[in-house]
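Chain letters run A, B, ... following the sequence lines, proteins first, then strands; residues in each count from 1. Computed from a predicted model, the values in this text were never measured in an experiment.
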There are 2 protein chains.
Amino acid sequence: MKFIPNLSYDCVIFGFNGKTLKILILEYHNTGLFALPGGFIKKDQSLKDAVNKGVEDRTGLTNVFMDQFQVFDKPDRANVFDMRRILEGNNKDLEENSWMLERFLTVGHYALINYEDVDPKPDHLSDSIGWYDIDNVPQLMMDHNEIVDKALEVLRNNISEKLIGMNLLPQKFTMKQLQQVFEAILDQTLRRTSFQRKMLSLDILERHEKLFEGKAHKAPYLYSFKQ
Amino acid sequence: MKFIPNLSYDCVIFGFNGKTLKILILEYHNTGLFALPGGFIKKDQSLKDAVNKGVEDRTGLTNVFMDQFQVFDKPDRANVFDMRRILEGNNKDLEENSWMLERFLTVGHYALINYEDVDPKPDHLSDSIGWYDIDNVPQLMMDHNEIVDKALEVLRNNISEKLIGMNLLPQKFTMKQLQQVFEAILDQTLRRTSFQRKMLSLDILERHEKLFEGKAHKAPYLYSFKQ
DNA sequence: GATTATTGTAATTAAATGAGACAATAGATA
DNA sequence: TATCTATTGTCTCATTTAATTACAATAATC
């Protein structure tokens, strides 16, 4: 067995389409079961490499911002029944894959990516993968809904202090777009002038050329994050 | 094997003696190796139960405030050489315990306890356990120094927003003691009047009787946290 | 050239924090 | 008993930070 037994990772991949916060969810072949993208860790592989590989396989993206946030470990979190359905739905040998029916602890991660860059790709076990609004996530297998909830909570706590919102945007963006990211994550409206003043005072933004959208009003500047 | 393979926990147990922040460190028999209190997770045990058990065994305390904060996973973090010394130093059979020489990922936790309540007890593998000032931690085995550093960082980030400092104090404490906890954790002096005003404005403290210490000055009130 | 929607920034208010002042007081001193 | 000392609790005022409002600038439309 090339994997570390009883241990997996799952990743809540966040994207932002300009209006709402979304996450990537996949559906397994012939089961109707929805789940977070996840996987196992090879015996000589770092956790980070394993998750990066999983994210890359599903999104095509490398160098994605990501962070582990909690181990989910309830002894009864694995659902043997569901796991069996997934294996059977994919015509996998049950004997050979019996290790997958054991108890698993999973390391919860979240990743932030630029929505526009992604063309979600199902892996060999799942027949679809797609974006779901954060407030419209379907019932997921095992404790994955709990993992999503916790990921969102951690993201909310981190957005202000760690300034990670940029990872959800293209490299150059307007102040309004940045504000919309904050508003989507925090689920509250922010004051335009205070937000702008705050962001500029942090001295983390570089100002570029204006963005002319052909709209009948003053054109906003584009910004990027320094280095 | 009754444990989950390749996975362990380690716990940075913080205490406060009124002056400085301290952590519990144990030394293994006949090896000169220092380490954090840690252990393994039984196949049907929750992570939290496992860590609680470990903390209780070493301190005698139950219902301790504790939080997991990171998985440490470097494929080369285990030091086979050190592990062998520990097993040999305890006259353990190497064959039988060879699983302990494999790669381990560990879930880092920190715990906050009332220093006065604790009489540290070595476990069967270690011949001493004791308090060390946070700025005078000896060289620890594997990546345990890194775990300590990270635990302190997380504690510093959490002290203000999550108000967990109370766990380092007896149930009733003076405003000065509370300030000293904050100062020890943040490693900076705070303004007495601002600190007092801030704490009182948060509406989390309950005021009790005064504490008469027999000193020639006004006696301070005792406070406790509202449940 | 006037109009419209939005942007960038300045001006004004309000809130939080820093810094100091001072009365209250538990015991020590004499 | 009266005075002195160290510390506490609270107040005031200055300073900093943040919220709110106001307004000029401007890109395209009419």
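Between the CG atom of B:Leu211 and the P atom of D:dT8 there is a distance of 10 Å, given to the nearest Å. Atom CE of B:Met199 is separated from atom C1' of C:dT17 by 14 Å (rounded to the nearest Å). Distance CD (B:Gln179) to C1' (D:dG9): 13 Å, rounded to an integer number of Å. Going from atom CD of A:Glu213 over to atom P of D:dA27 covers 13 Å, rounded to whole Å. Distance B:His208 NE2 to D:dG9 P: 14 Å, rounded to the nearest Å. One can place CZ of B:Phe212 at 16 Å from C1' of C:dA28, the figure rounded to the nearest angstrom.
A:His217 pairs by the side chain to side chain donor-acceptor pair (under 3.5 Å) definition with nothing, not counting sequence neighbours. Every residue two or more places apart in sequence or in another chain that forms a salt bridge (charged side-chain N to carboxylate O under 4.0 Å, His left out) with A:Arg58 is listed here: A:Asp123. Applying the salt bridge (charged side-chain N to carboxylate O under 4.0 Å, His left out) rule to A:Asp76 yields no partners; only residues at least two apart in sequence or on another chain are considered. Scanning for side chain to side chain donor-acceptor pair (under 3.5 Å) contacts around A:Thr20 gives A:Asp133, with sequence neighbours left out. Looking at residues two or more places apart in sequence or on another chain, you find no side chain to side chain donor-acceptor pair (under 3.5 Å) involving B:Asn167.
In this structure, B:Ser194 reaches the C:dG18 phosphate: one of its side-chain N or O atoms is under 4.0 Å from OP1 or OP2. Distances shown here put a side-chain N or O of B:Lys210 below 4.0 Å from the OP1 or OP2 atom of C:dA26.
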Heavy atoms under 4.0 Å is the rule here; annotate nucleotides 6-14 of chain C 5' to 3' with B where the base is hit, S where only the sugar-phosphate is, and - elsewhere. BBBB-----

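A residue-by-residue look at A:Arg191 and A:Gly214 shows that A:Arg191 has its nearest nucleotide of DNA chain D further toward the 5' end.
In terms of modelled atom types and a separation under 3.5 Å, the side chain of A:Arg103 and the main chain of A:Asn6 share no donor-acceptor contact.
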